[in-house]
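Below is one structure; the comments refer to it alone.
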Amino acid sequence: MTAVSGDQVASDVYDARALQEKWQVRWAKENPFVASEDPADGRPRRYVLDMFPYPSGDLHMGHAEAFAMGDVVARYRFQLGENVLHPIGWDSFGLPAENAAIKHNSHPGEWTYANIETQAESFQRYAVSLDWTRRLHTSDPEYYRWNQWLFLRFFERDLAYRKEGLVNWCPKDQTVLANEQVVQGRCERCHTEVVRRSLNQWYFRITEYADRLLDDMDQLGDGKWPERVLLMQRNWIGRSYGADVEFAIEGRDEPVTVFTTRPDTLYGATFFVAAADAALADELCAPEHREEFETYRDQVAKLSDIERQSTERPKTGVFLGRYAINPVNGERIPVWAADYVLAEYGHGAIMAVPAHDQRDLDFALKFGLPVREVVDTGEGDPAETGVATAGEGTLTNSGPLNGLAKDEAVERITRILEERGTGQGAVNYRLRDWLLSRQRFWGTPIPIVHCPECGEVPVPDDQLPVKLPENLKGADLAPKGVSPLAAVTDWVDVDCPRCGGAAQRDTDTMDTFVDSSWYFLRYCSPNLDTAPFDTEKVAEWGPIDQYVGGVEHAILHLLYARFFTKVLYDMGMVGFTEPFSRLLNQGQVINQGKAMSKSLGNGVDLGEEIEKYGVDAVRLTVVFAGPPEDDIDWADVSPGASLKFLNRAFKVMVQAGAASPPGTDPSTGDLTLRKATHRAIDQITTAVEAYRFNVAVARIMELVTAARKAIDSGPGAADPAVREAAEVIAVTLSLVAPYVAEEGWERLGHTGSVAIGNWRRAEPELLVQESVTCVVQVASKVRDKLEVSPDISEQELERLALASEKVRGFIGDREIHKIVVRAPKLVNIVVG
RNA sequence: GGGGCCGUAGCCCAAUAGGUCGAGGCACACGGUUUAGGUCCGUGACAGUGCGGGUUCGAGUCCCGCCGGCCCCA
C-alpha cells in the first residue's frame with residue numbers, strides 16, 4: 001500500500017491505510033456532517049441524497065461509483081458552508097433476504113441486518129460525508145408502520161383498490177409483478193419469462209395521476225434531470241390523443257367502445273378485433289363459433305408475452321360469427337378475436353383499419369378481409385403493396401371527410417361522433433395502475449382485514465403496525481404461490497375491527513417500491529412516531545436539491561416516488577409536487593467491456609481495490625475516469641496512477657506546510673503561480689457545478705504540477721503562493737480524496753477539518769490575462785499569431801493583422817473581400 | 001419498425017455563444033535522479049474529430065444521408 005519508500009522521510013509519504021485509520025477515528029468523534037436543525041442557523045439548507053442501497057452483501061464497485069459521485073456534490077456544498085442534509089438508510093425489504101433465509105434456514109432479518117452493519121462500516125471507511133444520526137431501515141416496524149398508514153390514506157381516497165384481473169406472474173419468484181417490473185416479457189429480477197394469471201390483487205391508482213406525471217416534467221427540464229430519463233418516463237406513460245368510438249354489435253344491446261388514435265380513418269374500418277383473452281371476446285362469440293374460439297383462446301393463453309408481441313410471428317385469429325356496425329356509415333363489419341390486440345390496453349378491442357395500420361393489414365391479408373384506403377398519402381395502395389400507410393394525406397372514400405387533411409379530419413369526425421352521441425374525443429395511456437401486492441414474506445403486510453360481513457376493513461391506525469410474525473424461517477418461507485403469511489393461522493385469524501366477527505388478515509405484502517417512494521421524506525424526521533414524517537421539517541429541507549442514482553431506476557422508482565409526492569401534496573402533507581429538483585445518473589462500473597459477473601469471472605472486488613490502492617485512490621479513479629453518467633470500464637482506468645497523483649499532491653502539501661506558517665498573506669507570492677491557482681479555483685468551481693467532475697480533477701492535477709514546478713525550479717516552497725496553491729489543492733481535493741486532503745490540511749498547519757466551509761473564491765484580478773494569442777487567418781487558414789491585449793479594439797486588431805509580414809505574404813496580390821474580426825482571439829481575412 | 005443518445009491520438013477522455021482540435025490521464029519512447037529496479041523529476045512522438053454531402057469567412061459543434069455502438073418503446 002505504501003507507494004513510496006527508500007530515501008523519502010516516512011512521514012512525508014502518503015500512506016493510505018495509516019491515514020484511513022487516523023481520520024476515521026476523528027470523523028467518528030467529531031461528526032462533521034450532521035445536519036443542523038437549529039432555527040437560528042442561517043446557513044442555506046441543502047438536501048443531497050444518494051439512492052439508498054439494498055443490503056445484498058458488502059458494498060461493491062457500483063456503490064463505489066454512485067457514492068463517490070454523490071459525495072462530490074455533497075462535499076462541495078459542505079465546503080461552501082451550507083447546512084447540508086446528506087442522510088443514509090437501507091432499502092431492506094425484498095426477495096434476496098428471503099431466498100437467503102430459505103437457503104440458510106434462518107430469518108430474513110438476520111441476513112439483512114448483518115449485511116447492513118457490514119455496509120455501514122464500509123461506508124464509514126469509504127468516507128462518504130453522511131449524517132449517521134438519521135439512519136433508517138425500511139424493514140424496521142417503525143418504518144413500515146408508515147407504509148401501512150399511507151396505504152390506508154390511499155385506500156380512503158380510493159387510490160388503493162383491489163380488483164380481479166390478468167396480472168404478470170413470475171413462476172420462479174412465485175409472485176405477481178408490476179408492469180414496470182416486466183422487462184421484455186421477463187421478470188426484472190430473475191429474468192424468468194412472465195406468465196399471465198387472473199388474480200385478485202391490490203393496485204394503486206397511479207393512472208389517475210398520469211397527466212400530472214407528464215405535465216409536471218416541465219419543472220425538470222433545462223438539464224435538471226437527464227433528458228433521456230424524462231423521455232423514458234414520457235414513453236412509459238404513453239399519453240395518446242384520439243377518440244372513443246361506439247360500435248353497435250348485432251344482437252347485443254350495449255354498444256362496444258374502442259379507442260383509436262386515428263378516428264379520421266373510421267371509414268376505412270373493415271373489421272373489428274377483440275383481444276382473444278378479454279372477457280369481451282368470450283361474450284361476443286356466437287354459439288356456432290364457440291368451440292373454435294375456445295380452442296384458440298387456450299392456445300393464446302399458453303403464449304408468453306414475448307411470443308405474443310413479436311412482429312415476426314404470423315397473425316392468428318378466429319371469426320366470432322358476429323358483426324359490428326360502423327357508426328358513421330352503418331357498414332356491417334365482422335368481429336374477430338386475435339392475440340395481437342391486448343386485453344388490458346384501451347378497451348380490449350379495436351376497430352381495424354388495414355390500409356393504415358400494418359398489424360391490421362397483415363391480419364387482413366392473412367384472412368382475406370377487405371382493405372379500403374381512406375387517406376391518400378401518395379404512396380401505393382396498401383392492398384397491393386402490403387405496406388400500410390400511416391402518414392399525412394388527403395381523406396378519400398370517407399363521406400363528409402373527403403378532401404380534408406388528416407388533422408382536419410380528426411377534428412371533424414370527432415365532432416360528428418359527439419353530435420350523434422356515438423363517440424367523443426379521448427385520451428389513452430400506456431401506463432397501467434401499479435399492482436402492489438406480492439405473495440412473499442419479507443415486505444410490509446397490507447393492513448386490511450377481510451371480513452365475511454364487512455368486506456375489506458382497514459386496520460385502525462392505532463393498531464399499526466401490523467407486524468410480520470417473527471417465528472417463520474427457512475422452509476416456512478419457500479414460495480408456494482400464496483404468501484407464506486397465509487399459513488400462519490394465528491396471525492391471519494383476527495376479529496373484524498368493524499363488527500368483531502371472525503375475519504382474516506390480508507396475507508400479501510407490499511411491493512418494496514412502496515418503501516422507497518417516500519423514504520426521502522422520512523429522513524427529515526426519522527424518529528417521528530406520530531406520522532410518517534414531519535410536514536414542517538419536510539418544508540424546511542425539501543424538495544431534494546440533488547438526487548443521485550443509477551439510470552436503472554429511470555422509470556420504476558422515480559415514477560412511483562413522483563406519484564407518491566403528488567398524492568401527499570394533495571393531502572396537504574408536502575408543499576411541492578416534484579420530489580427531486582435535480583437528478584444525476586451515474587454510470588455503471590464494468591470490466592473488459594462487460595457487466596461484471598461471476599459467470600464471466602471478470603468481477604472487481606471493491607474491498608480488494610481499496611486494500612491495494614486505498615480509498616482515496618479508488619474514489620479518485622472513479623471520479624476521474626470520465627463524465628459521471630458514463631460507464632467506467634475498470635480495464636481502462638488506472639487506480640495505480642491515481643495513487644501516484646495523490647502522492648504528488650500530498651508531497652506538495654507537506655513541503656508547503658513545512659516551509660511557511662498558516663495565515664501567510666499570499667498577496668506577495670509568486671504571481672505566475674497565484675494566477676494558476678486562481679484560474680484553477682475558477683475552473684474547478686465551474687466544472688463541479690456542471691457535474692464535470694473528471695474535468696475538475698484534471699484541473700487539480702494541473703495545479704499540483706504548477707506547484708511542484710514552483711517548488712523545484714521557481715520561487716521555492718517557502719513562497720506564499722506555494723502555500724496558497726497547496727491549500728487550494730487540499731480544499732478541492734477534499735471532494736474526491738478526503739483522507740489525503742485532511743492530512744494535507746493538517747500538515748499545512750490547520751486544526752479542524754478541511755471539509756467544511758473552506759472553498760475559496762477566485763480573485764477576479766488574478767483571472768485577467770495581460771495578453772492573449774490572436775490567430776490571424778487568411779482564407780480561413782491560420783497564417784500568423786499575435787500576442788495582444790485582451791481588450792484590444794477590433795480596429796486596432798485588424799490593423800495589426802494587416803501589418804503582419806507573414807499575413808501580407810499569404811494575401812499576395814489577391815483582393816481582400818472581407819475581414820472578420822473577433823477580438824481579441826481571431827482575425828480572418830477573406831480573399832478572392 | 002418508431003424514437004433518442006453517442007462516435008476526437010493505441011486507450012480513457014477535454015474543447016465558453018460555430019473561432020488556433022488537445023486540457024488531464026493511461027500506455028509508449030527518451031533524458032535526469034537512483035548501486036539497480038520501481039518510485040520520483042523532466043522531455044517527446046503519434047490524431048485532424050466514423051464516412052459522404054450541405055450551410056458558413058470559418059464546422060468536432062448546425063442541417064441531410066449513410067456506417068457502427070448503446071438505450072427506450074413496439
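This is a predicted model, so every value here is computed, not measured. Sequence lines set the chain letters: A, B, ... in the order given, protein chains first and strands last, and positions in each chain run from 1.
- Taking every side-chain heavy atom of A/M701 into account, B/G24 is the closest of B/G4, B/G19, B/G24.
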### Query
Between A/S240 and A/N428, does a side-chain hydrogen bond (donor to acceptor under 3.5 Å, both in side chains) hold up when you go through it step by step?
CA-CA 5 Å; A/S240 53; A/N428 192 46; 4.6 Å; no

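- Remark: A/R783 qualifies as a cation-pi partner of A/F810 under the 6.0 Å distance and 45° angle criteria applied to the six-membered ring.
- B/G50 and B/A14 have their P atoms separated by 14 Å, with the value rounded to a whole Å.
- Taking atom CE on A/M232 and atom C1' on B/G4, their separation rounds to 9 Å, with Å as the unit.
- Note on A/L231: only backbone sugar-phosphate atoms sit closer than 4.0 angstrom, heavy atoms only; bases stay farther off.
- Rounded to whole Å, the C1' atom of B/G4 lies 22 Å from the corresponding atom of B/U8.
- Rounded to whole Å, atom P of B/C40 lies 7 Å from atom NZ of A/K651.
- Atom CD1 in A/I555 sits roughly 14 Å away from atom C1' in B/G3 (whole-Å rounding).
- Each of A/R814, A/Q777, A/E815, A/K818 was compared with A/V830 under the side-chain contact (heavy atoms from CB on, under 4.5 Å) criterion, and only A/K818 meets it.
- Comparing the P positions of B/C21 and B/G3 gives a spacing of 36 Å, expressed to the nearest Å.
- Judged by Watson-Crick or G-U wobble contacts below 3.5 Å, the nucleotide B/U56 has no partner.
- Using a 4.0 Å heavy-atom cutoff across all strands shown, A/T773 reaches at least one base atom of the nucleic acid.
- Atom CD in A/E815 sits about 16 Å away from atom P in B/C57, given to the nearest Å.
- For A/Q777 and B/G58, the CD to P distance is 10 Å, given to the nearest whole Å.
- Summarising the base pairing, B/C5 is matched to B/G69 through a Watson-Crick or G-U wobble pair whose two defining distances lie under 3.5 Å.
- Using P as the reference atom, B/G58 and B/G18 are 15 Å apart when rounded to the nearest Å.
- Here B/G1 presents its P atom at 15 Å from CZ of A/R359, a figure rounded to the nearest Å.
- Of the side-chain N and O atoms in A/K644, one or more sit less than 4.0 angstrom from OP1 or OP2 of B/U39.
- Here the C1' atom of nucleotide B/U39 and the CZ atom of A/R648 are 12 Å apart, to the nearest Å.
- In terms of heavy-atom proximity, A/M653 sits nearest to A/A726 at CG-O, 3.8 Å.
- A/R822 comes within 4.0 angstrom of a nucleotide base, judged by non-hydrogen atoms across all strands.
- Nucleotide B/G37 is matched to nothing when pairs are restricted to Watson-Crick or G-U wobble geometry with both distances under 3.5 angstrom.
- Taking the O4'-C1'-N9-C4 or O4'-C1'-N1-C2 dihedral as appropriate, B/G48 has a value within 90° of 0 and is therefore syn.
- Taking the six-membered ring where tryptophan is involved, the planes of A/Y547 and A/F580 are essentially parallel, since the angle between them stays under 30° and well short of 60°.
- Evaluation of the side-chain hydrogen bond (donor to acceptor under 3.5 Å, both in side chains) rule for A/S793 yields no partner, not counting sequence neighbours.
- Here B/C26 is the nucleotide among B/C26, B/C57, B/G42 with the atom lying nearest to any side-chain atom of A/S638.
- For A/R234, no side-chain nitrogen or oxygen approaches OP1 or OP2 of B/C72 to under 4.0 Å.
- Taking every heavy atom of both residues into account, A/L826 and A/L797 meet most closely at O-CD2, 4.4 Å.
- As the counterpart of B/C28, B/G44 is assigned, both hydrogen-bonding distances of the Watson-Crick or G-U wobble pattern falling under 3.5 Å.
- Atom NZ of A/K825 and atom P of B/C21 are 11 Å apart (whole Å).
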Output one line per pair: protein atom, nucleotide atom from nucleotides 5-14 of chain B, and distance, for all N/O pairs under 3.5 Å.
{"from": "B/C12", "atom 1": "O2'", "to": "A/A625", "atom 2": "O", "distance (Å)": "3.0"}

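- A gap of 16 Å separates the P atoms of B/U34 and B/C41, to the nearest Å.
- A/R761 and A/T685 form no side-chain donor-acceptor contact under 3.5 Å, judged by distance and modelled atom types alone.
- Listed by residue number, A/S780, A/K785 are the residues of residues 780-808 of chain A with a heavy-atom contact under 4.0 Å to RNA chain B.
- Taking atom P in both B/C66 and B/C72, one finds a spacing of 23 Å when rounded to whole Å.
- Distance noted for atom C1' between B/C5 and B/U61: 16 Å (whole Å).
- Checked against B/C73, B/C57, B/A23, the side chain of A/W236 finds its nearest nucleotide in B/C73.
- Residues A/L559 and A/W236 come closest through the heavy atom pair CD2-CD1, 3.8 Å.
- Closest-nucleotide positions on RNA chain B for A/V775 and A/V697 were compared, and the one nearer the 5' end corresponds to A/V775.
- No side-chain donor from either of A/Y340 and A/D362 sits under 3.5 Å from a side-chain acceptor of the other.
- Across A/E609 and A/M61, no two heavy atoms sit closer than the pair CG-SD, 4.4 Å.
- Comparing atom distances between the A/D712 side chain and each of B/C41, B/G4, B/G19 picks out B/C41 as nearest.
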### Task
Begin with the C-alpha distance, continue with both residues' side-chain angles, and end with the deciding distance and a verdict on salt bridge (charged side-chain N to carboxylate O under 4.0 Å, His left out) for A/K612 and A/E608.
CA-CA 6 Å; A/K612 269 190 268 183; A/E608 286 173 20; 5.6 Å; no

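- Residue A/K709 has its side chain nearest to B/U43 when only B/C41, B/U43, B/C26 are considered.
- A distance of about 23 Å separates the C1' atoms of B/C64 and B/G48, rounded to the whole Å.
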